[in-house]
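Side-chain atoms are counted along with the backbone in the values below, which use heavy atoms only and exclude waters and symmetry mates.
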Amino acid sequence: MSTIDIPDEHDDIDGIEVIDIRSGDRSTPFEHRVEPVSKTTKVIKFLENHPDVQISPAAVRRIAYGAVEPGLLEGARLERHRVETGWLSVLTYRAYTLMLSPAIENDRLLDEAHYAADPDTSNQQRVLSMPTAHDTDATLVYADAMDDLLAAIDRASKSVRKNNPQEVGRRIVERSLTAVPATFRNPGRHPDDDLSLVDGNSRWAACTADIKVPASSIRPTNAKDPDSLLPSHLMRLPLAERRDLVREIVKNAHRDINANTGTSKAARAKRDQAARLLNAMTVPVQVIVGYTDDNPSMRMGRFPVAVRSLLMRMNIGVKEFKEPSKNGVTAEEIVTALFDAGELGDNAQAVRDVLLGRADVTDAMKSLGLNPAFRDLRFTFVVQQLTRKEPRLNAVMAAKLDKRRLQVTHRSGPIVELGLRSYSSFPKEKLAPVRTALDTGCLWQALANHEWTVENIDNDQAVDDLLERADNGDVPARLLLGVLAMVTLVTSGYLLAPGGSAEQIVGNIKIMRAGVGTVIKTVLDTKEGRQVLADAIKRIRASLPPRWWADGHLVEREKWKGSDFNAHLRLAANHGFNPEGHQNDPTATELEDKALTAFQTSLTTAASDLDDLIALRKMNGTTTELSWTVVEPSFKQLSFMGNDLARIAEGEPR
């Protein structure tokens with residue numbers, strides 16, 4: 001039977017040629033033939049004995065069986081790719097597309113995945129567990145049930161076919177895909193290993209989009225129309241049968257070309273479709289076959305982090321690696337590194353599981369003394385854990401964020417992405433403004449300056465007790481109240497980025513247009529503000545709109561929408577809570593406080609800009625020092641500013 005489907009197409013007079021992919025003598029006419037297994041024996045022996053190849057014999061066979069020209073791998077030179085924690089050994093060759101499988105987890109979609117930390121995430125939508133390291137091999141280990149893995153891979157493959165289609169077939173794929181050996185702890189009736197892509201999923205999906213499932217090779221069926229080939233069809237097959245499938249598809253495609261020699265439109269279409277398929281049957285691939293950690297005692301422990309680090313820093317041409325997904329990957333690297341370094345405390349495994357949010361966090365939250373039914377408690381725990389001011393923790397975070405000095409603003413991106421995993425089932429249109437609001441700045445300096453903990457604030461009485469302590473000057477209680485209120489208000493739509501008409505809502509009075517963290521910090525400093533924030537936590541948890549402070553007490557505003565509360569809270573941050581009307585002219589003290597805040601904010605921005613410059617020089621490999629004439633004005637300005645600030649500030653305590 002034919003393995004390809006013929007859609008209605010335009011009359012292509014020129015026709016499509018089968019591209020010669022041979023690397024050697026091209027004097028004879030080209031016909032694509034799958035090499036016999038006997039041609040893989042020498043290369044298998046070579047790779048198994050290579051000192052830099054640190055993979056299982058099964059993974060070696062997958063490489064050899066999948067190579068278009070296995071003889072070229074004998075004596076091949078491995079490349080070394082530098083990553084943050086060590087060196088990856090990489091083998092480059094041309095492989096049969098169907099001998100590779102798409103990514104088991106697509107890191108570029110971490111911000112769109114559904115996480116187990118979200119109580120509303122169903123099993124069908126849930127993100128998979130993170131792969132772990134193999135004891136001795138450069139291999140990713142997956143613990144999920146095989147049916148769950150296959151379902152997730154099929155969903156991802158269908159998604160990229162739809163959302164990122166590519167033209168494949170008129171030309172061969174020329175940009176390399178990147179793969180890594182994978183093994184499965186719970187394979188069930190399926191093979192327990194594979195070569196899994198970590199980059200190039202869209203190219204793989206485009207290559208296989210027009211291939212139909214050959215009934216005789218994969219499964220018995222009475223269906224009139226065969227199904228489109230999916231990763232799960234391939235991953236069910238033993239290695240030898242999978243290679244036989246490649247041979248069958250190639251043979252049938254050549255048969256279609258040879259059998260349709262006429263000049264009719266139908267004959268040309270049949271030849272063109274077969275040529276497209278043959279051109280898409282191979283791809284260039286880089287397979288990671290070894291890893292050497294900078295710290296030999298870590299062995300393969302940091303291999304999964306090294307692989308993801310390589311992916312995130314690659315030059316991505318087709319599909320952009322969006323900032324939220326980068327932050328998600330960085331956040332997971334931070335948590336994993338903190339766990340490995342023993343910086344997550346006595347109950348480290350539970351802390352790690354709660355921070356990552358990939359697996360069910362019910363038991364982990366309970367072991368930490370927190371109610372797992374409350375999303376805001378988990379988000380607040382993420383904020384608390386990743387703002388701790390501990391030297392070793394901060395050193396790990398600074399290294400992962402590539403920052404010379406770790407500032408509170410640098411922590412925001414990873415915190416937001418981990419925290420939002422409790423809300424991942426929200427519709428995209430609802431989650432997008434929440435992420436935008438948090439990305440504008442959801443932290444303030446006091447969170448990193450003071451020790452504070454997350455308590456199990458899961459009922460109204462607990463909120464009232466927390467408010468009482470905050471009113472009595474308990475700084476940790478005040479910080480906990482502020483973060484809980486911020487998370488609750490933002491995720492419910494009552495505190496978002498200010499709209500263009502926000503001033504009109506409050507009578508054309510200037511509102512605070514800073515990030516949500518600054519708004520909360522400012523409101524938190526007033527007694528009325530703390531009352532409003534505590535009441536908002538209780539009301540929103542009960543699915544009621546928050547109340548406002550007026551005439552000395554809390555009142556309901558029945559006609560207010562989220563934008564009204566947002567505008568009034570930002571107004572109160574600028575002018576305070578005044579039942580008689582809002583004060584347009586701040587006092588002299590308030591003006592001085594605002595000027596100091598603006599100055600300190602500008603210093604933070606300047607320091608971040610310097611970090612960016614240093615990082616850019618590092619990335620570009622720039623080693624020449626800047627000339628003194630270029631930097632002298634900056635040095636003088638910094639010196640003058642230090643002297644001026646010293647004249648109006650107390651001396652540093654000794």
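Looking at heavy atoms from C-beta onward, R375 lies out of side-chain contact with T491 at the 4.5 angstrom threshold. You'll find the side chain of L230 reaches within 4.5 Å of the side chain of K158, heavy atoms only. Considering only heavy atoms from C-beta on, P191 stays 4.5 Å or farther from M235 through its side chain. For the pair Q385/V351, a side-chain contact is recorded, criterion being any heavy-atom separation below 4.5 Å from C-beta on. For the pair C442 and V416, the minimum side-chain heavy-atom distance is below 4.5 Å. Side-chain contact check for L420 versus F379: some heavy-atom pair is nearer than 4.5 Å. With contacts defined as side-chain heavy-atom distances shorter than 4.5 Å, the pair R617/L626 qualifies. Under the 4.5 Å side-chain criterion, counting only non-hydrogen atoms from C-beta, V90 is not in contact with V289.
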Query - Worked verdict on S196 versus D194 for side chain to side chain donor-acceptor pair (under 3.5 Å) - result: CA-CA 6 Å; S196 177; D194 210 328; over 6 Å; no
Query - salt bridge (charged side-chain N to carboxylate O under 4.0 Å, His left out) evaluation trace for E84 with R308 - result: CA-CA 11 Å; E84 181 182 346; R308 303 174 85 221; over 6 Å; no
Requested in this report: Output, in order, the C-alpha distance, side-chain angles, deciding distance and verdict of side-chain contact (heavy atoms from CB on, under 4.5 Å) for R404 and L610.
Outcome: CA-CA 9 Å; R404 188 167 45 90; L610 179 58; 3.0 Å; yes
Requested in this report: Evaluate the criterion salt bridge (charged side-chain N to carboxylate O under 4.0 Å, His left out) for residue pair R541 and D376; output intermediate values, then yes/no.
Outcome: CA-CA 9 Å; R541 283 178 170 180; D376 52 4; 2.9 Å; yes
Query - Evaluation steps, side-chain contact (heavy atoms from CB on, under 4.5 Å), between I63 and L47 - result: CA-CA 9 Å; I63 291 173; L47 292 176; 4.1 Å; yes
Report task. For V354 and L368, run side-chain contact (heavy atoms from CB on, under 4.5 Å): C-alpha distance rounded to whole Å, both residues' side-chain angles, the deciding distance at 0.1 Å, then the answer. Result -> CA-CA 9 Å; V354 170; L368 296 171; 3.8 Å; yes
Report task. Give the intermediate values and the outcome of side-chain contact (heavy atoms from CB on, under 4.5 Å) for residues V287 and V180. Result -> CA-CA 5 Å; V287 178; V180 64; over 6 Å; no
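Remark: the N394 side chain and the R405 side chain contain no N/O donor-acceptor pair separated by less than 3.5 Å. With 3.5 Å as the limit, one finds no donor-acceptor pair spanning the side chains of R358 and S129. Judged by distance alone, the side chains of H50 and E48 never bring a donor and an acceptor atom under 3.5 Å apart. Using modelled atom types, one finds a donor on one side chain and an acceptor on the other under 3.5 Å when comparing Q349 with D353. Side chains of S297 and N295: a donor-acceptor N/O pair is present below 3.5 angstrom, by distance only.
Distance CG/L356 to CZ/F339: 10.0 Å, rounded to 0.5 Å. To the nearest 0.5 Å, atoms CE (M146) and CG (D144) are separated by 10.5 Å. Atom CG in L406 sits 5.5 Å away from atom CE in M397 (nearest 0.5 Å). Between the CH2 atom in W204 and the OG atom in S101 there is a gap of 6.5 Å [rounded to 0.5 Å]. If you take CG on L466 and CG on L480, they are separated by 5.0 Å, rounding to the nearest 0.5 Å. Atom CG of residue L495 and atom CD1 of residue I520 lie 5.5 Å apart, to the nearest 0.5 angstrom.
For the pair S492 (side chain) and L489 (backbone), a donor-acceptor distance under 3.5 Å is present. Remark: the backbone N or O of L177 is not paired with any side-chain donor or acceptor of D199 at under 3.5 angstrom. Judged by distance alone, the side chain of D360 and the main-chain N or O of T362 form a donor-acceptor pair under 3.5 Å. A donor-acceptor pair under 3.5 Å links the side-chain atoms of N186 to the main chain of A143, judged by distance alone. Put simply, the side chain of W452 gets close to the backbone of L447: a donor and an acceptor are under 3.5 Å apart. Judged purely by atom type and a 3.5 angstrom limit, Q286 has no side-chain atom pairing as donor or acceptor with the backbone of A179. Between the side chain of T518 and the backbone N or O of A514 there is no donor-acceptor pair closer than 3.5 Å. Remark: side-chain polar atoms of D137 are not paired, donor with acceptor, to backbone N or O of T139 under 3.5 angstrom. The closest donor-acceptor contact from the side chain of H410 to the backbone of Q407 lies under 3.5 Å. A side-chain donor-acceptor contact under 3.5 Å links T488 to the backbone of L484.
The salt bridge (charged side-chain N to carboxylate O under 4.0 Å, His left out) analysis of residues 443-455, with sequence neighbours excluded, yields the pairs E455-R469. Sorted by first and then second residue, the side chain to side chain donor-acceptor pair (under 3.5 Å) pairs involving residues 51-66 (not counting sequence neighbours) are R62-D193. Judged as a side chain to side chain donor-acceptor pair (under 3.5 Å), the pairs with a partner in residues 339-348 (not counting sequence neighbours) are, in order, E343-R392, N347-S367. Applying the salt bridge (charged side-chain N to carboxylate O under 4.0 Å, His left out) test to pairs two or more places apart or on separate chains, those with a residue in residues 285-302 are R82-D294, D293-R302.
Among residues two or more places apart in sequence or in another chain, the side-chain contact (heavy atoms from CB on, under 4.5 Å) test is passed with K45 by N49. Every residue two or more places apart in sequence or in another chain was checked for a side-chain hydrogen bond (donor to acceptor under 3.5 Å, both in side chains) with T622, and none qualifies. Judged as a side-chain contact (heavy atoms from CB on, under 4.5 Å), and not counting sequence neighbours, the contacts of S424 are H114, Y115, D118, T121. Under the side-chain contact (heavy atoms from CB on, under 4.5 Å) criterion, A432 pairs with no residue at all, not counting sequence neighbours. By the ring-ring contact (aromatic ring centres under 6.0 Å, His included) test, Y96 is found to be paired with H32, residues two or more places apart in sequence or in another chain being considered. By the side-chain contact (heavy atoms from CB on, under 4.5 Å) test, P324 is found to be paired with D111, K322, E417, R435, residues two or more places apart in sequence or in another chain being considered. Qualifying ring-ring contact (aromatic ring centres under 6.0 Å, His included) partners for F303, counting only residues two or more places apart in sequence or in other chains: Y291. Every residue meeting the ring-ring contact (aromatic ring centres under 6.0 Å, His included) condition with F426, not counting sequence neighbours, appears here in chain and number order: Y423.
A364 approaches A350 most closely through the heavy-atom pair CB-O, 3.7 Å. The heavy-atom pair separating L128 from A152 by the smallest distance is CD1-CB, 3.8 Å. Taking every heavy atom of both residues into account, R411 and L443 meet most closely at CB-CD1, 4.0 Å.
With respect to E332 and R421, a salt bridge is recorded, a charged nitrogen being found less than 4.0 Å from a carboxylate O.
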